[in-house]
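Let me begin by presenting the structure, written as structure tokens, before commenting on it.
Chain letters run A, B, ... following the sequence lines, proteins first, then strands; residues in each count from 1.
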There are 2 protein chains.
Amino acid sequence: MNLPPLTQAFVLHFGEMGSRWGINRTVGQIYALLYLSPRPLCADDIVEALGISRSNVSMGLRELQAWNLVILKHLPGDRRDHFTTPEDVWQILRIIAEERKKREVDPTLSVLRGLLMQQPSSEEERHAQARMAEMHGLIERLATWYEDVKRLDTERLAALLALGARVTRLLEAKDKVVGLVRGGRGAAAGE
Amino acid sequence: MNLPPLTQAFVLHFGEMGSRWGINRTVGQIYALLYLSPRPLCADDIVEALGISRSNVSMGLRELQAWNLVILKHLPGDRRDHFTTPEDVWQILRIIAEERKKREVDPTLSVLRGLLMQQPSSEEERHAQARMAEMHGLIERLATWYEDVKRLDTERLAALLALGARVTRLLEAKDKVVGLVRGGRGAAAGE
DNA sequence: CTGCAGTTTCAGAAATTTCTGAAACTCATA
DNA sequence: TATGAGTTTCAGAAATTTCTGAAACTGCAG
């Protein structure tokens, strides 16, 4: 691996974190490299930059495509596929959230649903099912919230984040205001 | 493994998902078992229930303790440690969020900070650093939001979730109302 | 003390995941 | 349709992770 020091440090870090993030070292490194690169890279550029085998790069790129984390570009006059990552970090965030939900949450949600349909065959099972119901309820709430929030455009999403916990102040204010407005003039605060 | 069918299905599922969640199969299974159990279990109960070695259980419990996901109970007249999970699923959610942040986000945040302090030594590096700055900015925003939200009590948190994307309506309403209230009667909406 | 129930540690075995090189495939173009 | 640049696949090698049994440790009870 022969990269400028900052790039190299970033790439190595992504490699190390990869396993914690549910991808492997190579995939992490490839992603990091593409993320930093000012222009699309082809597979051989990656082989060169990271010093790993061609087939490993191919598999890594395949996995990143499954994650929707790379974009395929065709440079004019070059048959080879070239790859970049989406530019916009908010877009990347959305993709990662979506994919992690799909992989880490949805399967459990559907298993829970299945198990909650069944007839418990003992007191033990009745209790177990109640616990599953609690878990299911929470996950479903989170999932609904996420489905909702992910549709927001970036500007609104950013505004919401910036507001942080102060939304609740707003929430409480709402109740007051709703009363106030209802008792006074026309509608202003919806719902 | 000899468990009632619903329990067994849940335990096996957690085992399979374990690797996606950053824990291993055994740890997933132990957690699932404790989560469903109506009473605290000791290590040997777990060996018995899951059919795995005593030392494996010991390591698994140790890891779950590192995650703060189990509670140690001492039953009167029994020297052995017994384990449960926190009862409240919201509490569990908080713990998982905290631990995942600590493991999956904080290290990257600190590496990014370090790299952003350095002097870029070329145009390439300057660009790479700009990309890192974008990533750092986003992650820091998310982290701040999280720090903020995690302090909410469960009731408020639940209310916020339930509101979902509709908060933005409220946000927009706020602007209107603030004007309206300012131009009309006494203060109602804070901030 | 000594014995013993209970727990932890750890080196190596087993299982799983990742990585490689060689072979197979694809498809534009000469 | 033959060539070859580029890509993918896949079986086995290498590395890593997980799991086990045996040995070491801990601290209470007699």
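In this view, Ile96(B) and Leu69(B), Ile92(B), Arg100(B) satisfy the side chain to side chain contact (heavy atoms under 4.5 Å, CB included) rule, not counting sequence neighbours.
Ionic pairing of Glu134(B) and Arg131(B) is present here: one or more N-O contacts between side-chain nitrogen and carboxylate oxygen are shorter than 4.0 angstrom.
Atom CD of Glu63(A) has more than 12 neighbouring heavy atoms from other residues, nucleotides or ligands inside a 6.0 Å radius.
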Checking side chain to side chain contact (heavy atoms under 4.5 Å, CB included) for the pair Leu33(B)/Leu3(B): CA distance, chi angles, key distance, verdict? CA-CA 10 Å; Leu33(B) 186 69; Leu3(B) 294 165; 4.0 Å; yes

One pair to check against side chain to side chain contact (heavy atoms under 4.5 Å, CB included): Leu6(B) and Met132(A). What are the steps and the verdict? CA-CA 10 Å; Leu6(B) 290 180; Met132(A) 292 183 207; 4.2 Å; yes

Residue pair Glu147(B), Lys101(B): steps toward the side chain to side chain contact (heavy atoms under 4.5 Å, CB included) verdict: CA-CA 10 Å; Glu147(B) 283 301 319; Lys101(B) 171 171 177 293; 3.6 Å; yes

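In this structure, CG of Asp78(A) is placed 13 Å from P of dT29(C), rounded to the nearest angstrom. The distance from atom CG of Leu61(A) to atom P of dT7(D) is 10 Å, rounded to the nearest whole Å. Distance CD (Gln65(B)) to P (dT9(C)): 11 Å, rounded to an integer number of Å. In this structure, CG of Leu72(A) is placed 15 Å from P of dG6(D), rounded to the nearest angstrom. Note: CG (Leu75(B)) to C1' (dG6(C)) measures 14 Å, nearest angstrom.
Residue Ser58(B) places none of its side-chain N or O atoms closer than 4.0 Å to OP1 or OP2 of dT7(C).
With respect to Phe10(B), the side chain to side chain contact (heavy atoms under 4.5 Å, CB included) criterion is satisfied by exactly one of Thr108(A), Leu112(A), Val111(A): Leu112(A).
Between Phe14(B) and Trp21(B), the ring planes are perpendicular. Angles over 60° get that label, and only those under 30° would be called parallel.
Within residues 35-50 of chain A, no residue has any heavy atom under 4.0 Å from DNA chain D.
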Tell me, for nucleotides 16-30 of chain D in 5' to 3' order, what letter each nucleotide earns: B for a base near a protein heavy atom under 4.0 Å, S for only sugar-phosphate near one, - for neither? S-SSBB-----B---

